[in-house]
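Count residues from 1 along the sequence.
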Amino acid sequence: MVLGVYVDFDVWAGGVLEWVPKVRYVGCIRMLFSDVDLERLYYGDLLDMYAKTGGKGLNVQIYYCLPGHTLDNGITLLHGDDGIRDLCRIFKGLSVVPIYFEEKQGPLLALDTQGNILPLEEHIPSLPSVEIPQNDTASPESQILDFPEMPEVPHNSPDLPPMSEFPQNIPDLPPMSEFFQNIPEFPEMSEVPQNISNLPQMSEVPQNIPDLPQ
């Protein structure tokens, strides 16, 4: 018993898609790849088919045509592994899968002077070397820029005497305990005189205050 879901891939490569007035694929190489297992298919398998057709483009878009449709209404762009899963689901149980490769002219496509497609790593240009002119009569040390010396700051400030020459006869201060020996004692609150005269009551204040004019 043979396991897997096998189909044939009808591969169109080396051409371009023309979108007006009708969608068609022109200038192509056509190859048939038989017995491709859809259950084991991944994106790299399609790129291997493209390489076997002689394709060398580094910026390639992959399309397929929906079953029962023409290119005008059935062309579909395949996006990565998610697109592979959709393709396997759509063509499961069918016999042929039409695939179209289109090389895009972009920054990922490198050409040599004869128009041949180059791998990306071979197209990286090397920067030209720049020679710095040197004075043969001068030594490398003489080519160093000489900056003017900073002027000396005048030191005409008077010299201070050393600490040992300052007077040392500063009197010793008494300890803090001697400062609080001569503070007079204040009397207690009970000894404060209590002979404060009684103030008159409010009823004894004269009430004949004249009325203010209206």
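In this structure, D81 CG and Y43 OH are separated by 9.0 Å, a value rounded to the nearest 0.5 Å. For the atom pair SG of C65 and OH of Y25, the computed distance is 13.5 Å after rounding to the nearest 0.5 Å. Going from atom CG of L46 over to atom CG of L41 covers 5.0 Å, rounded to the nearest 0.5 Å. Separation of atoms CZ (R85) and OH (Y42) is listed at 15.0 Å; rounding is to 0.5 Å. In this structure, the separation between CD1 on I62 and CD1 on I84 is 7.0 Å, given to the nearest 0.5 Å. Note that CG of L17 and CZ of R24 are 11.0 Å apart. Values are rounded to the nearest 0.5 Å.
By the rule that hydrophobic residues join a cluster once side-chain heavy atoms approach within less than 4.5 Å of another member, I99 and W12 end up as members of separate clusters. No continuous path of ILVMFWY side-chain contacts below 4.5 Å connects V96 to V7, so the two sit in separate hydrophobic clusters. Cluster membership for L77 and F9, using ILVMFWY side-chain heavy atoms within less than 4.5 angstrom, is not shared. Criterion: ILVMFWY side-chain heavy atoms under 4.5 Å apart, direct or through other members. Under it, L71 and L78 are not part of a common hydrophobic cluster. Cluster annotation: V60 is connected to V97 through the hydrophobic network of ILVMFWY side chains, with a link wherever side-chain heavy atoms come within less than 4.5 Å.
Looking at heavy atoms from C-beta onward, L87 lies in side-chain contact with L38 at the 4.5 angstrom threshold. Counting heavy atoms from C-beta on, the side chains of F101 and T53 never come closer than 4.5 Å. The closest side-chain heavy-atom distance from Y64 to I90 is below 4.5 Å. With a 4.5 Å cut-off on side-chain heavy atoms, V5 and F91 do not count as touching.
Neither side chain, Y100 nor E102, offers a donor N or O lying under 3.5 Å from an acceptor on the other.
Taking every heavy atom of both residues into account, D45 and R40 meet most closely at OD2-O, 3.5 Å.
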Just do the side chain to side chain contact (heavy atoms under 4.5 Å, CB included) check on K52 and V11 with the steps written out, would you?
CA-CA 10 Å; K52 290 178 181 178; V11 175; over 6 Å; no

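Of the possible polar contacts, none joining the D35 side chain to the D8 backbone as a donor-acceptor pair under 3.5 Å is found.
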